[in-house]
Amino acid sequence: MPATVQLNTRIDPMLKRSGDAVFARGGFTPSDAVRALWTYAARHQEIPDFMLSGEEGDRTRAPEADEAPRTSAGLALRVAAEQCGFKAIPNSSTAENAPSWEDLRDEIYDAMLDEMEQRCR
């Protein structure tokens with residue numbers, strides 16, 4: 001195993017508990033989440049758009065960041081397809097027609113449930 005380094009950070013306890021619960025539901029540890037973020041940054045050589053979208057607690061950038069939530073939907077679908085085998089990609093490819101995060105989440109969960117039900121039969 002290659003050498004590793006330890007990363008320490010400070011975070012609000014309530015935020016950590018809430019985030020940990022979300023990651024745990026997806027089968028991820030906090031360390032998995034941090035490694036995924038660093039892997040993304042190293043692979044794409046940029047900060048993920050969701051971090052620059054101006055949401056509370058995030059840094060902001062120029063007005064083009066307003067498009068970040070819509071364009072990040074494509075990233076979410078790619079990650080879901082690559083790492084989870086998610087196959088139901090929405091038909092629209094333009095940012096204006098991109099589904100909301102909630103729609104994407106629901107579609108991904110529905111597909112995962114369908115797959116689990118098929119395995120149980």
Side-chain angles (χ1 to χ4, degrees):
M1 179 174 182
T4 60
V5 297
Q6 183 172 344
L7 178 68
N8 296 306
T9 187
R10 296 184 188 282
I11 188 169
D12 177 85
M14 291 296 293
L15 178 60
K16 181 169 185 325
R17 281 192 292 275
S18 179
D20 285 352
V22 172
F23 287 119
R25 284 195 307 267
F28 295 96
T29 66
S31 293
D32 293 330
V34 171
R35 279 191 291 274
L37 177 60
W38 256 250
T39 299
Y40 177 91
R43 182 178 296 152
H44 298 278
Q45 291 298 297
E46 66 181 8
I47 296 170
D49 286 337
F50 78 89
M51 293 180 69
L52 303 170
S53 66
E55 294 178 21
E56 186 177 338
D58 292 338
R59 296 182 189 175
T60 58
R61 66 175 182 194
E64 63 268 12
D66 293 340
E67 292 298 311
R70 286 194 283 278
T71 57
S72 294
L75 171 62
L77 289 172
R78 281 196 311 276
V79 170
E82 291 170 7
Q83 297 188 9
C84 305
F86 179 68
K87 295 175 184 72
I89 304 294
N91 293 330
S92 66
S93 60
T94 63
E96 299 84 42
N97 296 327
S100 71
W101 282 108
E102 291 82 10
D103 291 341
L104 288 172
R105 180 200 59 217
D106 291 348
E107 189 174 341
I108 290 169
Y109 284 154
D110 288 345
M112 290 169 56
L113 287 171
D114 290 344
E115 185 177 323
M116 284 188 275
E117 287 175 354
Q118 292 297 321
R119 288 182 192 168
C120 291
R121 292 182 185 171

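For this chain, numbers begin at 1 and follow the sequence in order. Predicted, not measured: the structure shown is a model, and the values here were computed from it.
- Considering only residues two or more places apart in sequence or on other chains, Gln118 meets the side-chain contact (heavy atoms from CB on, under 4.5 Å) condition with Arg121.
- With sequence neighbours left out, Arg25 forms a side chain to side chain donor-acceptor pair (under 3.5 Å) with no residue at all.
- Glu107 places none of its side-chain heavy atoms less than 4.5 Å from the side chain of Asp110.
- Under the salt bridge (charged side-chain N to carboxylate O under 4.0 Å, His left out) criterion, Asp114 pairs with no residue, sequence neighbours left out.
- The side-chain contact (heavy atoms from CB on, under 4.5 Å) test applied to Arg10 returns no partner, not counting sequence neighbours.
- Taking the side chain to side chain donor-acceptor pair (under 3.5 Å) definition, one finds that Thr29 meets it with Asp32, sequence neighbours left out.
- Considering every non-hydrogen atom in both Trp38 and Leu7, the closest pair reads CH2-CD2, 3.9 Å.
- Among residues at least two apart or in separate chains, side chain to side chain donor-acceptor pair (under 3.5 Å) pairs with a member in residues 11-23 are Lys16-Asp20.
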